[in-house]
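Notes follow the structure.
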Amino acid sequence: MKKRFLFISCEQAYLICDKAQYGEANLWERFELMLRLSWCKFARAYTKDNCALTAAIHSSKDKLLTEIEREEFRKNLERLIHKQPQH
Amino acid sequence: MLDHTIDPNTWISNYADYMFNYAITRVNDREMAKDLVQDTFVAGLKSMENFKGEASERTWLISILKRKIIDYYRKKNSKKGQAEVRVGYMNEDQEGDWLEERVADPFSKDAQDIIENAELGKAISECMAKLPKKQKQVFEMKTILDYETKAICNELGITSSNLWVIIHRARITLADCMKKNWF
């Protein structure tokens with residue numbers, strides 16, 4: 001997609017917004033996003049949802065198990081089950 | 001006749017998230033919470049014969065986990081030379097009778113906080129479970145485990161652009177799911 005100076009597409013705005021959630025959007029990208037947000041209601045709606053999602057995850061991310069950790073539990077438990085004496 | 005049955009093969013899928021959430025809310029240390037949950041599964045397996053079916057499997061496992069948490073604080077306190085644990089321990093022969101004891105939780109936090117936290121965690125977990133495998137893996141590495149973009153790209157053999165597209169798709173699915181279930 002051709003990028004015009006200062007004006008970014010909605011898709012580009014979404015990607016910058018995603019990067020911004022992780023603090024990885026640079027100053028110029030943030031400026032372009034702000035400009036887009038000033039007139040685009042779709043980008044504003046996406047940003048609002050995205051920020052709400054970030055806030056929700058941030059408040060409980062330490063309490064979430066990842067798939068890797070769940071798999072680790074599963075392997076350990078399966079190993080233990082197989083070790084159990086059969087009755 | 002037993003009201004409840006026990007099946008260790010379903011413990012991870014049914015209770016791992018809930019138990020981890022329960023443990024980490026009380027010990028505030030991710031690795032320790034994982035160890036406590038793991039120890040609970042080991043103790044549960046060893047004492048399955050003591051499960052009388054009077055309460056649900058989850059209640060039984062949680063009562064073991066409570067014991068493990070008390071044990072953790074007891075050890076931690078005794079290391080500091082200031083043991084303050086009030087709950088009396090039973091002997092080893094009684095291991096597995098936790099349910100019948102119905103241990104009071106001395107580390108119980110504000111009930112509303114715990115319920116809200118647990119509910120939010122559950123909603124996010126359920127929404128994340130709906131993501132395709134690759135999206136889930138990338139999203140977890142980036143968002144939950146806080147891996148650097150470069151590290152994820154190296155590990156999974158993807159480009160930075162690919163990563164952001166995957167993250168974008170995952171976030172759209174999650175935001176949509178959370179809108180329906182939480183926001």
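Predicted model, so just to flag it, every value in this text is computed and none were measured.
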Under 4.5 Å to a heavy atom of chain A? For Lys136(B) that would be side chain
Please name all residues satisfying side chain to side chain contact (heavy atoms under 4.5 Å, CB included) with Asn154(B), sequence neighbours left out, ordered by chain then number. Lys150(B)
Donor-acceptor pair, side chain of Glu57(B) and main chain of Asp7(B), under 3.5 angstrom: yes
Could you check whether atom CZ of Arg44(A) has more than 12 heavy atoms from other residues, nucleotides or ligands sitting under 6.0 Å from it? yes
Using non-hydrogen atoms and a 4.5 Å limit, figure out which bit of Arg171(B) sits close to chain A: side chain, backbone, both or neither. both
Between Ser59(A) (side chain only) and Ala56(A) (backbone N and O only), is there a donor and an acceptor less than 3.5 Å apart? yes
For Lys133(B), is it the side chain, the backbone, both or neither that has a heavy atom under 4.5 Å from a heavy atom of chain A? neither
At a heavy-atom separation under 4.5 Å, does Asp146(B) approach chain A through its side chain, its backbone, both, or neither? side chain
Using atom types as modelled and distance alone, determine if a side-chain donor or acceptor of His82(A) lies under 3.5 Å from a backbone N or O of Glu78(A). yes
Of the backbone (N, CA, C, O) and the side chain (C-beta and beyond), which part of Tyr22(A) lies under 4.5 Å from a heavy atom of chain B, both, or neither? side chain
If you count heavy-atom pairs under 4.5 Å between each of Val42(B), Ile144(B), Ile172(B) and chain A, which one has the most? Ile144(B)
Ion pair Arg70(A)/Asp17(B), N-O distance below 4.0 Å: yes
Please determine, among Ile12(B), Asn9(B), Leu145(B), Asn28(B), the option with the most heavy-atom pairs under 4.5 Å with chain A. Ile12(B)
Heavy-atom pairs under 4.5 Å with chain A are the metric here; pick the option from Asp176(B), Ile24(B), Val37(B), Leu45(B) that has the most. Leu45(B)
Whether the side chain of Arg36(A) engages the backbone of Glu32(A) through a donor-acceptor N/O pair (distance < 3.5 Å, no angle test) should be reported. no
Can you tell which of Leu64(A), Ile68(A), Asn76(A), Leu80(A) has the highest number of heavy-atom pairs within less than 4.5 Å of chain B? Leu64(A)
